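Quick note on labels: first sequence line is chain A, next is B, and so on, each numbered from 1. All values below come from the heavy atoms of this structure, side chains included, with hydrogens, waters and symmetry mates left out. All of these numbers come straight from a predicted model, not from anything done at the bench.
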2 protein chains.
Amino acid sequence: MRTIDLPLIRRSRLFAQVAEPDLAAMLTACFVQTLPEGAVLCRQGEKAEFLHVVLSGRVGLFGAAARDEALVEFFGPGDAFIVPAVVLDAPYLLTARLLDEGRIMMWPAAAFRAQVRATGSLAYGAVLLLSGYWRTLGGLIKDLKLLSAIERLSAFLLALAPRETGPVTVTLPGGRRLVAGRLGITPQSLSRAFAALRPLGVSGGGREVTIVEPARLREFVGSRALKGT
Amino acid sequence: MRTIDLPLIRRSRLFAQVAEPDLAAMLTACFVQTLPEGAVLCRQGEKAEFLHVVLSGRVGLFGAAARDEALVEFFGPGDAFIVPAVVLDAPYLLTARLLDEGRIMMWPAAAFRAQVRATGSLAYGAVLLLSGYWRTLGGLIKDLKLLSAIERLSAFLLALAPRETGPVTVTLPGGRRLVAGRLGITPQSLSRAFAALRPLGVSGGGREVTIVEPARLREFVGSRALKGT
DNA sequence: CACCGGGCTTGATTCACGTCAAGTAACATG
DNA sequence: CATGTTACTTGACGTGAATCAAGCCCGGTG
């Protein structure tokens, strides 16, 4: 555990309410690893052994099936994922893989379970974290069931853009292949979706995409999709 | 609050770890309502005002879009839903509607937020509850992205069936329209999906469906879809 | 009994997206 | 400089599911 990691750990929502001495005590059981891109942190079907907290880099959660796999969600610094598998002491539902090189804090499952049960402030942090994730997944399901591929891409781009009216340039979180997985479509379809959005002022080179007029895009997806919200 | 409700409340995972005197104190802020089928408990986009705990009946969470809406998940007795919106003090992401007549406990949002922050055992219960829900949604997304409609129906039926080998009769949680929404397809497609499964030993009258040989169905969905789990 | 309305099924057609297959561009490697 | 290699785009074609449109079955009502 390097001292350089501490501020990153502190910043996680999981620890926001934990008092300083408690935090120090908790972390004695943990260790930090630097891992390369592509490293697998946990595998679908295996028993939960560690809670992982992302300190740097990004992690993707994948669901595997016969031939292909789908990205379910991804996480960045400050996120603690697979909390559910750990607290319920259940097998991992998904496979986690590093999308970049990154530093990951490992927290032995049994120790974490005991801490959550014993420390109210940690449990509260977990509630906040899980609440955010639940909303993310709920929104994802809504999108998958109700929106077309093009609409989902629009919504995705808008979510990436800061709430502005002028032209914005957003950076895609990874290659197009990854984005396609997140949207639940193939890379080819993603390409077509980008082409379909070009007339609406979405010009995309490589990993950078600029939206000429977010309002227009917002109106497009809004009119076709969301009523409330 | 009727005394008849207490055992139901106790049974909820949310309160599993809460000591008896604490529980009594918490419940002073709550009240219980009997509501008819179709009653709307909360509406997408509105600010969270109550946490709802289902005591009897079933509740569906729907996402609304321009013309249609999709069922995201449903809940039964013991479930406390929209915890995330309440603890984050954020607008509801989804609309909740009663699928049957049912008794619902209402817990004012501010009071619940304060209790979760103050009472570790309640926060721990919330962590368990949310963990379960996260896994449900994660599985749902995996299914939506990787499985065909027929495969999703198979998996859904198998999840309803007790872990048996012999012929099983399962009861659908509501009309076919509802099931179709849950699976992310139209009622017509559901009908066709049932027809497609008939050769595999799935005979469906009305709301009861009997599976002649669960193992065969399991093999069907397994071979085509899930590798690990 | 005739009548009607809602839920389920079935058929014909349409459409979105996946699949297969080239083709292009950027970059590293021999 | 030729050559992979990888990432992205584009086109042609097939398919799964939505849509449109009847029919069917069943319970309620006059």
Side-chain angles (χ1 to χ4, degrees), chain A residues 37-38 60 65-71 99-100 141 143-157 171-199 202-210 220-221 224-225, chain B residues 37-38 60 63 65-71 99-100 143-157 171-199 202-210 220-221 224-225:
Chain A
E37 178 182 342
R67 187 126 302 277
D68 43 11
E69 64 177 12
L71 189 152
L99 303 174
D100 315 303
I141 292 178
D143 288 358
L144 279 172
K145 285 191 175 175
L146 295 170
L147 271 52
S148 74
I150 300 176
E151 292 160 350
R152 290 205 297 275
L153 174 58
S154 307
F156 181 74
L157 290 176
T171 307
L172 296 180
R176 303 241 157 158
R177 174 168 201 78
L178 190 77
V179 174
R182 156 61 215 262
L183 294 174
I185 56 178
T186 59
Q188 294 96 313
S189 292
L190 178 63
S191 215
R192 288 181 234 279
F194 267 114
L197 288 182
R198 214 163 296 154
V202 176
S203 54
R207 195 156 299 189
E208 306 274 303
V209 176
T210 75
F220 166 73
V221 60
R224 302 198 56 188
Chain B
E37 178 183 342
R67 187 127 303 278
D68 45 11
E69 63 176 14
L71 190 152
L99 303 174
D100 314 303
D143 289 356
L144 279 172
K145 286 191 173 175
L146 295 169
L147 271 53
S148 73
I150 299 176
E151 291 160 350
R152 291 205 297 275
L153 174 59
S154 306
F156 181 74
L157 291 175
T171 307
L172 296 180
R176 303 244 157 158
R177 173 167 203 77
L178 189 77
V179 175
R182 157 60 215 261
L183 294 174
I185 56 176
T186 58
Q188 292 96 315
S189 292
L190 178 63
S191 214
R192 288 182 233 278
F194 267 114
L197 287 182
R198 213 164 295 154
V202 176
S203 54
R207 196 157 299 190
E208 306 275 304
V209 176
T210 75
F220 166 73
V221 58
R224 302 198 54 189

*asked:* Looking at B:Arg152 and B:Leu147, would you say the former's side chain and the latter's main chain have a donor-acceptor pair under 3.5 Å?
replied: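 Such a contact is found between B:Arg152 side chain and B:Leu147 backbone.
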_Donor-acceptor pair, distance only, cut-off 3.5 Å: does the side chain of B:Arg182 make one with the backbone of B:Leu71?_
no
Roughly how many Å is it from [atom1] in [X] to [atom2] in [N], rounded to a whole number?
{"X": "A:Arg152", "N": "C:dA16", "atom1": "CZ", "atom2": "P", "value": "13 Å"}
{"X": "B:Leu144", "N": "D:dA17", "atom1": "CG", "atom2": "C1'", "value": "14 Å"}
{"X": "A:Arg207", "N": "D:dA7", "atom1": "CZ", "atom2": "C1'", "value": "10 Å"}
{"X": "B:Phe194", "N": "C:dT10", "atom1": "CZ", "atom2": "P", "value": "12 Å"}
{"X": "A:Ile185", "N": "C:dT19", "atom1": "CD1", "atom2": "C1'", "value": "14 Å"}
{"X": "B:Leu147", "N": "D:dA17", "atom1": "CG", "atom2": "C1'", "value": "15 Å"}
{"X": "A:Leu183", "N": "C:dC17", "atom1": "CG", "atom2": "P", "value": "11 Å"}
{"X": "A:Gln188", "N": "C:dA22", "atom1": "CD", "atom2": "C1'", "value": "12 Å"}

*Give a yes or no on whether a donor-acceptor pair under 3.5 Å exists between the nucleobase atoms of C:dG11, that is its base, and the side chain of B:Arg192.*
yes
Side-chain N or O of [X] closer than 4.0 Å to phosphate OP1/OP2 of [N]:
{"X": "B:Thr186", "N": "D:dA18", "value": "yes"}
{"X": "A:Arg176", "N": "D:dT9", "value": "yes"}
{"X": "A:Ser189", "N": "C:dC17", "value": "no"}

*Identify whether any heavy atom of A:Gly174 sits under 4.0 Å from a base atom; if not, whether one sits that close to sugar-phosphate; answer base, sugar-phosphate or nothing.*
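No contact.
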*Sugar-phosphate only, base, or nothing, as touched by B:Leu190 at under 4.0 Å among non-hydrogen atoms*: nothing
Please report the closest heavy-atom contact between [X] and [Y], naming both atoms and the distance.
{"X": "B:Gly174", "Y": "B:Val179", "value": "O-CG2, 4.2 Å"}
{"X": "A:Glu151", "Y": "A:Leu146", "value": "OE1-O, 4.3 Å"}
{"X": "A:Leu153", "Y": "A:Ala193", "value": "CD2-CB, 3.7 Å"}

